[in-house]
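Only a predicted model underlies this, so the values are computations on that prediction, with no experimental measurement involved. First listed ligand is number 1; within each ligand, the first listed atom is number 1.
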Amino acid sequence: MRKQIVAANWKMNYDLAETEMFLVELKKQVFPENVRVMLGPSFTNLNHAFKSLRDHPVELVAQNMHQSEEGAFTGEISAKMLKSVGANIVILGHSERRTYFNEDNAILAEKVNTGLENEMTIIFCVGEELQEREKGKQFEFVKTQLSEGLFHISDDAWKQIIIAYEPVWAIGTGKTATSEEVQEMHEFIRKTIAESYSPKIAENVSILYGGSVKPDNAKKIFKQPDVDGGLIGGASLKVKSFMDIVNACDKSQSE
Ligand code: PGA
């Protein structure tokens with residue numbers, strides 16, 4: 001059975017004091033056993049969150065990472081640095097990294113290799129822009145992102161991969177894809193993995209949806225058979241709305 005996952009992507013929000021306030025509140029919550037919950041604060045707050053969440057089921061996620069092991073890359077963060085502060089999971093290929101920081105599929109393929117070599121779990125993001133969807137080219141586009149950025153990995157490496165489908169036009173815009181559109185793309189991604197690798201690998205990989213997930217639409221999206229949880233931006237910044245989404249993901253509770 002695939003594990004359900006809800007991961008918070010805080011992006012460039014919350015300083016140390018704000019992070020601490022959130023963590024104090026978060027630790028009072030009761031977490032469903034069937035959902036893996038992840039928190040992605042800024043790099044500067046990972047160490048604090050790591051110490052605060054020791055022996056707590058919430059796992060830490062880094063929002064990005066450099067592809068090199070170390071060296072003269074001013075301002076960058078390595079896999080080893082992340083792991084030393086308890087972040088064993090990293091988001092790669094988020095559309096904001098692709099758009100504002102020119103991360104293309106070739107760079108992402110290198111980052112994936114570095115993450116795998118460092119035994120990290122990777123949340124690999126894919127998703128089309130509005131123009132591709134309007135031209136009906138969203139499937140082709142996502143397939144290229146997968147094949148150029150990810151499909152060079154070995155069968156065995158899939159144990160370390162989580163996919164996040166995030167249509168760019170739905171991120172931070174309040175426009176969610178319909179649950180039918182989400183299911184259609186998730187099914188396509190799973191089929192593409194099955195064809196390029198094997199049905200067994202495809203069946204075991206968790207595919208998250210991201211893009212304006214809120215407490216009021218989460219349940220409908222998470223109910224889709226190929227949706228295994230969500231990557232949450234804006235709605236993860238408040239404990240109450242984040243927990244509502246986490247609880248909506250608990251399929252054992254669904255009616
Ligand atoms: P959003 O962001 O939930 O604010 O749309 C999702 C993401 O970018 O991961």
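Side chain to side chain, Q63 and H94 fail the donor-acceptor criterion of an N or O pair below 3.5 Å. Between the side chains of H152 and N113, at least one donor N or O lies within less than 3.5 Å of an accepting N or O. Judged purely by distance below 3.5 Å, without hydrogens or angles, the side chains of E20 and Y14 never pair a donor atom with an acceptor atom. T176 and K214 are not linked by any side-chain donor-acceptor pair at a separation below 3.5 angstrom, with hydrogens and angles left out of the test.
The residue among K175, K11, E166 with a heavy atom at the shortest distance from atom 2 (O) of ligand 1 is K11.
Cation-pi geometry between R54 and F50 is met: under 6.0 angstrom from the ring centre, within 45 degrees of the axis.
When non-hydrogen atoms are compared, ligand 1 lies under 4.0 Å from the side chain of N9 (C-beta onward) but not from its backbone.
At least one heavy atom of G172 sits less than 4.0 Å from an atom of ligand 1. Assignment of H94 to the shell around ligand 1 is supported, since a heavy atom sits closer than 4.0 Å. For G210, the closest heavy-atom approach to ligand 1 does not fall below 4.0 Å.
The contact set between ligand 1 and G211, taken as ligand atoms under 4.0 Å from a residue heavy atom, comprises 5 (O). Atoms of ligand 1 found under 4.0 Å from any heavy atom of L231 (numbered from 1 in listed order, with element): 6 (C), 9 (O).
A salt bridge is defined here as a Lys NZ or Arg NE, NH1 or NH2 lying under 4.0 Å from an Asp or Glu carboxylate O, and E70 with K80 fails to meet this definition.
Nearest heavy atom pair, residue S236 against residue I232, reads OG-O, 3.2 Å.
In this structure, atom 4 (O) of ligand 1 lies nearest to the protein heavy atom G234 N, 2.9 Å. Summary of contacts: the protein heavy atom closest to atom 3 (O) of ligand 1 is G233 N, 2.9 Å.
On a distance-only criterion, S212 and ligand 1 share at least one N/O pair closer than 3.5 Å.
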